[in-house]
Every structure is written in structure tokens, then in C-alpha cells.
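Data block below; observations after.
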Amino acid sequence: MIDLKALQNDFDSIASKLQKKNVDSELLSALKEQALALKTQKAVLEKLQAEQNAKSKLFPQYQKEGKDIASLKAELAENKQAIAIEQDKARELEAALSDIALNVPNIPDSDVPAGLDEDDNIEIKKVLDIPTFSFTPKEHWDFEELDFIDFERGVKLSKSRFCVLKNDAARIERALINYMLDFNRARGFAEVSVPYIVNRDSLMATGQLPKFEDDLFKIEGEELFLIPTAEVPLTNLYRDEILKEEELPIMMTSFTACFRKEAGSAGRDTRGMIRQHQFGKVELVSITKPQDSDKIFQEMVACASDLLASLGLAHRQVLLCGGDLGFGAAKTIDLEVWLPGQNRYREISSVSNTRDFQARRALIRYKDGKKNVLVNTLNGSSLAVGRCLIAIIENYQKEDGTIAVPEVLKPYLS
RNA sequence: CGGGAGAUGGCAGAGCGGUUGAAUGCACUGGUCUUGAAAACCAGCGAGGGUCAUACCUCCGGGAGUUCGAAUCUCCCUCUCCCGGCCA
């Protein structure tokens with residue numbers, strides 16, 4: 001959630017920043033007006049409440065002194081009605097306010113480029129040269145003879161966009177997970193294992209709800225959902241907590257399966273395992289003081305990028321433009337790995353700084369002296385395991401149709 | 001899934017329906033003392049809103065109700081713990 005106080009004081013600057021994310025300034029005016037209306041209404045209500053409280057306290061005294069309490073009683077009964085009416089008004093305003101506020105995306109950082117979609121993203125760095133092949137490299141689904149990925153049976157078990165990994169593909173996946181977790185741990189991220197099912201409050205806090213319920217798998221009959229990313233449980237670990245300054249920064253890494261309905265992606269990447277309803281991902285999440293989050297952000301990008309490089313995978317770093325930025329992100333850098341079969345770069349990791357957007361929703365704060373200050377939360381894929389496997393298959397393929405293995409994974413495959 | 005107990009401040013743990021945002025202990029912070037530390041003693045110490053700052057309002061799991069007044073009474077929900085069953 002954006003800072004409503006700041007919105008009232010700094011309307012123009014926030015509105016212009018949010019234009020980069022294509023947020024209608026009328027919506028923001030409405031939000032500002034709602035906030036003001038609520039404040040006004042609360043003043044009315046609180047005045048009545050103060051009166052009620054003060055006069056109620058007179059009763060014991062009156063009784064002791066043997067004064068008449070009947071008229072006081074009647075007066076307060078009347079005031080009580082008035083309070084109920086104003087209370088209802090305040091609640092309505094509150095509901096209307098949070099209806100808007102929870103659906104307004106985060107404010108982009110000032111160095112986020114303007115732009116509509118991914119075509120306007122800015123490449124900021126290339127790492128490793130694109131490999132050359134003496135033959136035409138195949139796409140990752142063209143290795144039937146290796147009995148690696150079974151798409152048909154995945155569909156039989158579940159539905160489309162599920163698949164089964166077998167033999168060396170399954171082993172490499174497991175090796176990758178272990179390798180990534182070890183790599184991240186060496187960079188200072190504490191390993192955590194979390195639930196794959198979370199409640200509504202958790203998804204509200206990280207921003208998947210209320211707006212994106214259609215993208216989530218919900219457990220029937222329960223107010224519980226399959227996680228779309230480990231970012232949700234990891235960040236929510238500290239929901240409603242006030243941290244000590246010396247606990248920060250908190251840096252965590254976790255492997256989980258992730259579940260996404262991908263409701264809006266019909267027709268995209270229907271072939272292969274680029275876009276699945278279930279995929280493995282090793283995630284990084286950090287919780288920092290506001291003044292440290294830029295530094296940690298860079299560390300997280302470097303961690304993911306170095307990890308890819310250590311696997312010998314050519315990739316580039318891309319700074320997302322406003323239009324391509326996610327709902328909760330103030331700034332995002334994507335890592336795109338080179339896929340020789342597709343002859344293009346594809347997203348394999350995404351690191352975002354949400355500033356205090358999630359912290360405000362999740363009420364994660366730390367004690368700065370006497371004051372409680374909202375933390376900054378950051379998240380990033382270390383790497384999407386499935387896509388990483390694809391990248392290895394395509395980049396390490398040999399002319400005879402077999403696959404080599406990245407040097408660093410060998411210890412994990414013995 | 002069946003039976004029982006409970007939900008209060010960072011933790012532990014009190015709280016006749018009335019000036020209790022809440023005793024007490026621990027933890028924490030500041031001070032005295034000490035060469036330093038410990039101990040002891042003194043003081044402070046929940047959160048949100050609101051205000052220049054006060055006032056003031058809200059919050060004792062969540063919601064509804066009784067009452068002039070509820071942490072305290074009633075109802076519903078949720079969650080936690082213990083016992084039994086089932087189970088990786």
C-alpha cells in the first residue's frame with residue numbers, strides 16, 4: 001500500500017511517478033478525497049465518543065452523592081444512537097478507502113524508465129558471450145530420445161501445463177536446487193523451509209490479494225491458497241512484528257514449488273516447460289532498513305547473476321520500465337538467460353525492491369531508537385529451477401543429441 | 001474426525017461491569033554505585049490514529065449483542081494447546 005499521508009502532502013509528485021505505471025490520476029484524486037473524508041468523519045465520531053466517555057465516568061460519583069442519574073442516563077442513551085450512526089458512516093468510508101488503496105500499485109523509483117511494456121525495458125549489462133554452435137541447436141522439448149521431460153503424462157496426471165521430469169532431468173533439477181541453496185548460503189542468505197499453503201492475510205500483505213485472486217490456486221472449502229512464490233511465506237514470516245535494529249538486514253533463501261494459474265497467459269509458450277502451473281524456484285528475500293535496501297538490492301542482483309555465470313549461462317540484466325513493473329515493485333531488474341534453441345533471451349530471474357509497500361501492508365517495522373519504522377522488503381528469484389534446467393539443456397547440448405553438465409554441478413550429481 | 005482447556009503488553013501472568021491501557025515478575029533502556037562487570041537501588045518502557053505539541057479516539061484473538069459504561073456478562077467465528085482415532 002502506498003503512503004496515504006504522503007499522497008495528501010505530495011500529491012503531484014506521486015501522481016506523476018505513478019503515471020509511469022499507467023495509474024489514472026483520477027483514481028489517485030479519488031483516493032486522496034476518500035482519505036480526507038475519512039479523517040473528517042473520524043473527527044466527528046471521536047468528539048461524540050469523548051463526550052460519551054467523559055459523562056459515563058460521572059455515574060459512580062453521582063451514585064455516591066445520591067444525585068439523580070435518570071436524566072444523565074437518557075442523555076447518554078441518545079448520544080449512543082448518534083455515535084452508532086457516525087460509526088456506520090466511518091466504516092463505510094473506511095471500506096471504500098481500503099478498496100481503492102489496496103488496489104493502487106507501488107510508486108516506481110525515480111530511476112525507473114518510462115515505457116509501456118517489455119519492449120521499453122533497458123538492457124543494463126550482458127554477462128558472458130552467447131555460445132556458438134556448429135549445428136542448429138534444438139529446443140528443449142526436442143530431446144525425446146533422452147527420455148527427459150514427459151509432457152503427455154504430465155497432462156494425464158493433472159492437466160495441460162504440467163509435466164514430468166525423468167532420469168537425468170530429474171537429477172539435474174535436484175542438483176540445481178542444492179547447488180543454488182549452497183551458493184546463496186555462502187552469500188549470507190539463511191536457508192529456510194516454508195509452507196506451500198498460506199492464508200488470505202499473508203497474500204494480502206505481499207500484494208497478491210485482493211487484486212490477483214484469479215492467478216492463484218485456492219484450496220476448496222478453505223481460505224487457503226497455494227503459494228505463487230516463496231516470497232509470500234518468507235516475507236510474511238515477519239508480518240505484524242517489530243524487529244530489533246540489530247536483527248537487520250534479514251536475508252533468506254528458500255526452495256519451494258510455486259503454483260500459478262497464469263490466467264492471463266492463454267496461448268503463450270504453450271509448448272515446452274517455460275510456462276507451467278507448477279514450477280520449482282529458489283527464492284531470495286531480504287528485510288532491511290530503508291537506507292540499506294538499495295545496497296542489498298544490488299547484492300541480490302549480483303547473487304543471481306553470479307549464480308547464472310557460475311553455471312556458464314550467458315544472460316543479460318534488464319531494468320524494467322514502468323509499464324512492465326509488477327504491482328508491488330518500486331524497481332525491478334530481470335535476468336534473462338540465453339536460450340539457443342529459441343535464439344533469444346528469456347526471463348529466468350526477477351529481483352525487486354518493494355520499498356515499504358509490502359511492509360506497510362504487512363506491518364513489518366523495526367525499532368529505530370524510540371520510533372517504529374517500516375522496513376523495506378526485497379525479493380528475487382535466485383533462479384527459476386525449471387527454466388534453468390531448460391537453459392542447461394539448450395546451452396549444453398552436443399551435436400550427437402546428448403547434454404553436457406556444467407562443471408559446478410558435477411559434485412552434486414555423483 | 002471425536003473429547004477437554006484456553007486466547008490479556010517482547011515473554012510469563014493478574015484482572016468485583018465503573019477514573020484499568022491494564023497489577024506483578026522477567027526481559028529491555030537510562031541513571032546511581034563500581035577500576036570494570038555483576039549484584040543492588042532509582043526511573044522509564046505496548047500499538048495505531050490524531051495534533052506544531054497537547055488534548056482526544058481506538059485496540060486485552062475476530063465479529064455481533066446486553067449496558068449510561070465491558071478485558072470483565074451473552075452468542076457466533078477463528079486459532080492454539082492437551083487426550084483419543086487416522087496418517088507421512
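For the P atoms, the distance from B:A43 to B:A7 is 32 Å, rounded to whole Å. Separation of the C1' atoms belonging to B:G62 and B:U19 is 28 Å when rounded to the nearest angstrom. One C1' atom belongs to B:A70, the other to B:A22, and the distance between them is 13 Å to the nearest Å. Taking atom P on both nucleotides, B:A14 is separated from B:U8 by 11 Å, rounded to a whole Å. On the C1' atoms, B:C11 is 35 Å away from B:U67, given to the nearest whole Å. As rounded to the nearest Å, B:A5 and B:G50 have P atoms that lie 44 Å from one another. Comparing the same atom, P, in B:A71 and in B:C59 gives a spacing of 7 Å after rounding to whole Å. The separation of B:G36 from B:U51, taken at their P atoms, amounts to 47 Å, rounded to a whole angstrom.
Under the Watson-Crick or G-U wobble criterion, with both distances below 3.5 Å, B:G65 is paired with B:C73. Partner assigned to B:C52 is none, using Watson-Crick or G-U wobble distances below 3.5 angstrom. The nucleotide B:G84 finds its pairing partner in B:C1, both defining distances of the Watson-Crick or G-U wobble pair being shorter than 3.5 Å. The partner of B:A40, taking Watson-Crick or G-U wobble pairs whose two distances both stay under 3.5 Å, is B:U32. Under the Watson-Crick or G-U wobble criterion, with both distances below 3.5 Å, B:A7 is paired with B:U78.
Backbone-only contact: A:Asn53 has heavy atoms under 4.0 Å from sugar-phosphate atoms and none from a base. A:Lys80 comes within 4.0 angstrom of a nucleotide base, judged by non-hydrogen atoms across all strands. Across all strands shown, A:Lys5 has heavy atoms under 4.0 Å from sugar-phosphate atoms exclusively, and none from any base. Among the atoms of the strands shown, none is found under 4.0 Å from any heavy atom of A:Glu75. Residue-level contact check: A:Arg365 touches the backbone only, with heavy atoms under 4.0 Å from sugar-phosphate atoms and none from bases.
Residues in residues 2-15 of chain A take part in no side-chain hydrogen bond (donor to acceptor under 3.5 Å, both in side chains) pair, two or more places apart or across chains.
Using a 4.0 Å cut-off between charged side-chain N and carboxylate O, A:Lys17 and A:Asp109 make no salt bridge. A salt bridge links A:Lys166 to A:Asp150: at least one charged side-chain nitrogen sits closer than 4.0 Å to a carboxylate oxygen. One finds a salt bridge joining A:Arg200 and A:Glu223 here, because a Lys/Arg side-chain nitrogen approaches an Asp/Glu carboxylate oxygen to under 4.0 Å. Contact check on A:Asp182 versus A:Arg185 returns a salt bridge, with a Lys/Arg side-chain nitrogen under 4.0 Å from an Asp/Glu carboxylate oxygen. Looking at A:Glu75 and A:Lys55, a side-chain N of the basic residue comes within less than 4.0 Å of a carboxylate O on the acidic one, giving a salt bridge.
Distance alone, capped at 3.5 Å, is enough to place a donor-acceptor pair between the A:Lys21 side chain and the A:Gly326 backbone.
Judged by closest nucleotide on RNA chain B, A:Lys57 is the one of A:Gln52 and A:Lys57 placed further toward the 5' end. Taking for each of A:Ala74 and A:Lys42 the nucleotide of RNA chain B with the nearest heavy atom, the 5'-most of the two is the partner of A:Lys42.
If you check residues 85-94 of chain A against RNA chain B, the residues with a heavy atom closer than 4.0 Å are A:Arg91, listed by number. Near RNA chain B, defined here as any heavy-atom distance below 4.0 Å, there are no residues from residues 97-104 of chain A.
Between A:Glu94 and A:Lys42, the shortest heavy-atom contact is OE2-NZ, 4.1 Å.
Residues passing the side chain to side chain contact (heavy atoms under 4.5 Å, CB included) test with A:Ile197, sequence neighbours excluded: A:Ile219, A:Leu224, A:Leu226. Legend: residues meeting side chain to side chain contact (heavy atoms under 4.5 Å, CB included) with A:Leu363, ordered by chain and number and at least two apart, are A:Asp240, A:Arg365.
No hydrogens or angles considered: a donor-acceptor pair under 3.5 Å links the side chains of A:Arg239 and A:Ser202. Side chain to side chain, A:Tyr238 and A:Thr377 fail the donor-acceptor criterion of an N or O pair below 3.5 Å.
A:Met252 pairs with exactly one of A:Thr235, A:Leu237, A:Asn184 by the side chain to side chain contact (heavy atoms under 4.5 Å, CB included) rule, that one being A:Leu237.
First and last contacting nucleotides of RNA chain B toward chain A (any atom under 4.0 angstrom from a heavy atom, 5' to 3' order): B:G18 to B:G69.
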